[in-house]
Number of protein chains: 2
Amino acid sequence: MNLNTINDVLNLQIPNVHDIRGKLAVIEKETIPFSIERVYYLYDVPNDAFRGGHAHIAQESVVIALSGSFEVILDDGKNRKRIMLNKPNIGLYIPTGIWREIENFSSGSVCLVMASTVFNEEDYIRNYDDFVSSKMG
Amino acid sequence: MNLNTINDVLNLQIPNVHDIRGKLAVIEKETIPFSIERVYYLYDVPNDAFRGGHAHIAQESVVIALSGSFEVILDDGKNRKRIMLNKPNIGLYIPTGIWREIENFSSGSVCLVMASTVFNEEDYIRNYDDFVSSKMG
């Protein structure tokens with residue numbers, strides 16, 4: 001049974017250097033709670049699209065709005081919250097065992113995700129009722 | 001002496017899934033020639049800014065235009081070429097020993113870089129003449 005709740009979702013400050021040439025943000029070992037096994041990104045997303053709709057058994061991830069904005073809906077089987085991401089220097093850390101959906105993408109937005117594991121379909125819980133059962137133990 | 005030339009710079013196709021919900025591009029172990037030790041990105045870059053202006057002794061990197069466009073200038077001490085990046089599914093692989101500069105950023109562009117090593121100032125060659133000497137052996 002995975003006991004993580006939406007209170008275990010964290011806003012991480014991504015270190016960045018700002019000078020006359022713009023902003024440079026850096027993610028290294030100590031910036032996020034895991035080593036990066038996989039990087040993926042969503043782009044050209046229609047603004048009525050709905051993404052996500054799953055939870056992970058073993059994968060942790062950090063989600064960043066690199067351009068534009070979108071909303072992440074987080075659910076631990078008991079409580080649900082909605083977080084607007086729109087800052088490239090904020091990373092949303094999502095631990096294992098949290099249902100997530102992403103929607104309300106602004107035109108031209110880019111969603112970057114760093115994940116702690118490589119792709120493994122068996123790590124996904126794609127049915128919400130199964131997810132809620134998994135949280136009940 | 002580092003023998004890499006600008007012909008060792010490669011355009012990598014980043015695998016992506018395109019459906020009605022937009023595009024999802026994925027970078028895993030086999031997508032790029034190294035494991036990712038560091039991710040950094042440039043944003044809020046003024047369009048007259050000039051970035052880069054260095055070479056690496058040990059670090060390899062992959063540069064992607066996640067949003068907008070910019071130009072990467074590559075130099076191996078003998079030859080120079082200029083590449084416009086403007087597609088989120090193309091990664092520019094830059095091996096060790098190549099001088100790079102980035103300029104001509106479009107408004108709102110985002111430059112994502114995945115690097116093979118953590119930050120180490122000693123890995124940078126920041127003076128062009130020193131770089132050219134390093135290529136002469």
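Proteins come first, then strands; the chains are lettered A, B, ... in the order of their sequence lines, and each starts at number 1. Since we're looking at a predicted model, the values are computed, not measured.
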With a cut-off of 6.0 Å (strictly less than), are more than 12 heavy atoms of other residues, nucleotides or ligands near NZ of K23(A)?
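Count over threshold, so yes.
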Hphob cluster co-occupancy, [X] + [Y], side-chain heavy atoms under 4.5 angstrom:
| X | Y | result |
| --- | --- | --- |
| Y43(A) | V63(B) | no |
| F105(B) | I83(B) | yes |
| L112(A) | Y93(A) | yes |
| L66(B) | I27(A) | yes |
| I32(A) | I94(A) | no |

Could you tell me the separation between the [atom1] atom of [X] and the [atom2] atom of [Y], rounded to the nearest 0.5 Å?
| X | Y | atom1 | atom2 | value |
| --- | --- | --- | --- | --- |
| E28(A) | T117(B) | CD | OG1 | 8.5 Å |
| N89(B) | D44(A) | CG | CG | 9.0 Å |
| E103(A) | R21(B) | CD | CZ | 13.5 Å |

Are V110(A) and V110(B) close enough, and set up right, to give a side chain to side chain contact (heavy atoms under 4.5 Å, CB included), and what steps lead you there?
CA-CA 9 Å; V110(A) 175; V110(B) 175; over 6 Å; no
inquiry  = Go through it in stages, so that I can follow the logic: the residues are Y40(B) and L24(A), the test is side chain to side chain contact (heavy atoms under 4.5 Å, CB included), and I'd like the CA-CA distance, side-chain angles, deciding distance and then a yes or no.
reply    = CA-CA 7 Å; Y40(B) 63 94; L24(A) 167 66; 3.2 Å; yes
To check you understand the geometry: which heavy-atom pair defines the closest contact between S67(A) and S67(B), and what is its length?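 What the structure gives for the nearest pair is OG-OG, 3.8 Å.
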Closest non-hydrogen atom pair, P46(A) against G22(B):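 Result for this residue pair: CD-N, 3.6 Å.
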Query raised in the report: Counting heavy-atom pairs under 4.5 Å to chain A, which of V39(B), I64(B), L42(B) comes out on top?
Result: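 Heavy-atom pairs under 4.5 Å are most numerous for V39(B).
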Using a 4.5 angstrom heavy-atom cutoff, name the option from V45(B), T31(B), V113(B) with the most pairs to chain A.
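Winner by heavy-atom pair count: V45(B).
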Identify which of C111(A), S109(A), A49(A), A25(A) forms the greatest number of heavy-atom pairs closer than 4.5 Å to chain B.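 Sorted descending by pairs with chain B, the first entry is A25(A).
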Filtered by a 4.5 Å non-hydrogen cutoff, the part of residues 7-20 of chain B contacting chain A is I14(B), N16(B), D19(B), I20(B)
Between Y41(A) and P88(B), is there a side-chain heavy-atom distance shorter than 4.5 Å? yes
Residues which pass ring-ring contact (aromatic ring centres under 6.0 Å, His included) with Y124(A), listed by chain and number, not counting sequence neighbours: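 Per chain and number, Y124(A) pairs via ring-ring contact (aromatic ring centres under 6.0 Å, His included) with H54(A), H56(A), F119(A).
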Does any heavy atom of chain A fall under 4.5 Å from the side chain of V26(B), the backbone, both, or neither of them?
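Both parts, heavy atoms under 4.5 Å.
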